[in-house]
Amino acid sequence: MLVHDTTATGRSQAEVDQIRQSLRSRYDELTAEYDQAVMQSQVLRLVEVGDTAGDDQADSGTKTAERDTAQSLLRTILDRRAQFEHALTRLDEGTYGFCEGCTAPIPVERLEIFPSATSCVACKQTRERRAA
Ligand SMILES: [Zn+2]
């Protein structure tokens with residue numbers, strides 16, 4: 001097993017392993033969630049193909065809304081999964097727990113609530129303001 005230099009972060013190998021395990025289990029959960037959501041959206045599509053005949057406008061409107069919801073759910077899951085993937089990469093690089101914006105350490109309390117966080121609250125808010 002590759003042993004990474006963790007002296008820079010002040011974390012012990014055991015701590016890093018623990019973080020990795022929890023990130024990875026969330027990642028796997030999201031993968032399972034994604035698979036399930038894909039299955040559900042396929043069911044939705046089958047139903048749709050099955051009874052297009054005799055649809056009235058209101059009905060097909062509902063289905064479009066359902067499909068949009070399913071698609072945005074898929075996107076959300078993928079986004080979140082990408083965040084965990086990113087956090088795992090940073091953990092391997094030894095930069096996990098440090099802000100991508102200002103490189104300051106992210107408070108442990110924040111990481112406990114958002115294990116996939118890669119920036120401090122201040123930088124996140126700045127970025128969101130810029131994006132808005
Ligand atoms: Zn920052």
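Everything quoted here is computed from the prediction, not taken from an experiment.
- The shortest non-hydrogen separation linking L23 to L91 is CD1-CD2, 4.2 Å.
- C120 and C99 get closest at one heavy-atom pair: N-SG, 3.3 Å.
- Each of D28, T31, T76 was compared with R81 under the side-chain hydrogen bond (donor to acceptor under 3.5 Å, both in side chains) criterion, and only T31 meets it.
- Side-chain atoms of M39 and V43, non-hydrogen and from C-beta on, never get closer than 4.5 Å to each other.
- Hydrophobic clustering of Ile, Leu, Val, Met, Phe, Trp and Tyr side chains at less than 4.5 Å, counting indirect connections, keeps F114 apart from L78.
- Looking at heavy atoms from C-beta onward, S119 lies in side-chain contact with R127 at the 4.5 angstrom threshold.
- Taken to the nearest 0.5 Å, the CD atom of Q36 stands 10.0 Å off from the CG atom of L73.
- Between the CZ atom in R75 and the OH atom in Y34 there is a gap of 11.0 Å [rounded to 0.5 Å].
- Rounding to the nearest 0.5 Å gives a distance of 8.5 Å between CZ of F84 and OG of S25.
- The line from CG of D35 to CG of L30 is 11.0 Å long, rounded to the nearest 0.5 Å.
- Closest non-hydrogen pair, G97 versus R11, comes out as CA-NH2, 3.6 Å.
- Under the side-chain contact (heavy atoms from CB on, under 4.5 Å) criterion, V121 pairs with R110, Q125, sequence neighbours left out.
- For R90, the salt bridge (Lys or Arg N to Asp or Glu O under 4.0 Å) partners are E100, not counting sequence neighbours.
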Report the C-alpha separation of D92 and R20 in whole Å, then their side-chain angles, then the decisive distance to 0.1 Å, and conclude whether the side chain to side chain contact (heavy atoms under 4.5 Å, CB included) test is met.
-> CA-CA 9 Å; D92 285 338; R20 181 178 293 116; 2.8 Å; yes
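- Interatomic distance, E33 CD to Q40 CD, rounded to the nearest 0.5 Å: 10.5 Å.
- In this structure, a donor-acceptor pair under 3.5 Å is present between the side chains of D17 and Q13.
- At a threshold of 4.5 Å between non-hydrogen side-chain atoms, the residues Y96 and P115 count as touching.
- The distance from atom CD of E112 to atom CD1 of I106, rounded to the nearest 0.5 Å, is 13.0 Å.
- The local environment of CD in Q18 is sparse, with at most 12 non-hydrogen atoms from other residues, nucleotides or ligands closer than 6.0 Å.
- Smallest separation of non-hydrogen atoms from A87 and S116: CB-CA, 4.0 Å.
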